[in-house]
Amino acid sequence: MKLISIVVPCYNEEEVLPMFYKEITKVTDEMSRQYGDLSFEFLFVNDGSKDKTLEIFHSLADRDSRVRYISFSRNFGKESGIYAGLKNSKGDFVVVMDADLQHPPAFLPEMYSYVKDGEYDCATTRRTSRKGESKIRSWFARKFYQIMNKISQTEIVDGAQDFRFMSRQMVDAVLEMSEYNRFSKGIFSWVGFKVKYMPYENVERPVGTSSWSFWGLFKYSLEGIMAFSTVPLAFSIFLAIICGTLGFVLLIMSLFAKKGSQLASVATTLLTGAFQLASTGILGMYLGKTYMETKKRPVYIAGETDESYRAKKKK
Ligand code: UDP
Ligand code: MG
């Protein structure tokens, strides 16, 4: 028997949860029929909801023994919800998905077909359109991916989502990243492994509203940049080079100009600034190293060893 854990972070989802449960069980029942050796657990995380989300968990748990849940003492954010779900999941495979049906359960059978024999370690969807989203928001989103991919070594695919069907091995790797400020999109990418991207059109929420405000998303994108890049810390080095070059050019010019003393004083100011910026930048570079060290990320993650190869062959 293989167990699949379905992890669902929920914040104020009383309206959509019954619908979600109905849809997801329809799909999982069908998969159980198709494969015969599959069982499921539904691991809901209540992220400090202010509505009746927890009561709905109770009624689902009464009805279905496969339903498990964790209820947070307050709102900790979706990232914490995902972490708690992964940490407490018992499955050989783990699915992370939203409660609001924007991650259609109908994808699960195809996702499973990619990961079941180890062809891929993760199957995930990729939005190809941002239908139903404002133009400004899409623009900022696109810019975010551009900047992020320029200044960070962790590549994040535009339109990548937190809808993932993962092997236990990949989940354990994600859990090894025990950092407090979690940016899942970056973490999922950082751990590597073979990932299958399935393109799809954005689906709108059937009920309720997104809990993300524009400002919230903006802060979240800064979070992503800060979690995976220390380039901003070294930004003053860049400024130092500009000021230094400009100062140096002016200094040379002042030697030949008629009113050279004025130019020389501007040049001196620029050069002094450049020295100060350079020292700040050097401090920033060391701070960046220290910052990354404090995350205590694993030094490497093995995808396969002779041991795992032999164990797989035996099966
Ligand atoms: N969510 C959560 N904690 C939060 C905010 C959201 O667990 O603080 C959950 C929410 O219930 C949903 C998922 O995260 O299952 C995605 O949230 P939402 O639909 O608001 O975001 P969007 O789809 O707009 O990215
Ligand atoms: Mg949503």
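Reckoned from all heavy atoms, side chains included, excluding hydrogens, waters and symmetry mates. Order of appearance sets the numbers: ligands from 1, and atoms from 1 within every ligand.
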Taking K295 first and then E179, would you say they form a salt bridge - that is, a charged N and a carboxylate O separated by under 4.0 Å?
yes
Are D162 and K78 within salt-bridge range, i.e. N to O under 4.0 Å?
yes
Nearest-0.5 Å distance, NZ of residue K2 to NZ of residue K116:
7.5 Å
Assess the pair Y35 and Y112: is the distance between their ring centroids shorter than 6.0 Å?
yes
Give every protein N, O or S atom lying under 2.8 Å from the Mg ion (ligand 2), naming each by residue and atom.
D100 OD2, Q102 OE1
Neighbouring protein residues of ligand 1 - any heavy atom closer than 4.0 Å
P9, C10, Y11, E13, D47, N75, G77, K78, D98, A99, D100, Q102, R205, S210, S211, W212
Decide whether a cation-pi geometry holds between K196 and Y114; the criteria are a distance under 6.0 Å from NZ or CZ to the six-membered ring centre and an angle within 45° of the ring axis.
yes
Do Y11 and M97 share a hydrophobic cluster, counting only Ile, Leu, Val, Met, Phe, Trp and Tyr and linking them when any side-chain heavy atoms are less than 4.5 Å apart?
no
Derivation of the salt bridge (charged side-chain N to carboxylate O under 4.0 Å, His left out) call for D306 and R310:
CA-CA 6 Å; D306 61 305; R310 291 202 176 96; 3.0 Å; yes
Do we see a donor-acceptor contact under 3.5 Å between the side chains of R66 and T28?
no
Could you tell me if Y145 and E155 have a donor-acceptor pair between their side chains, going purely by distance under 3.5 Å?
no
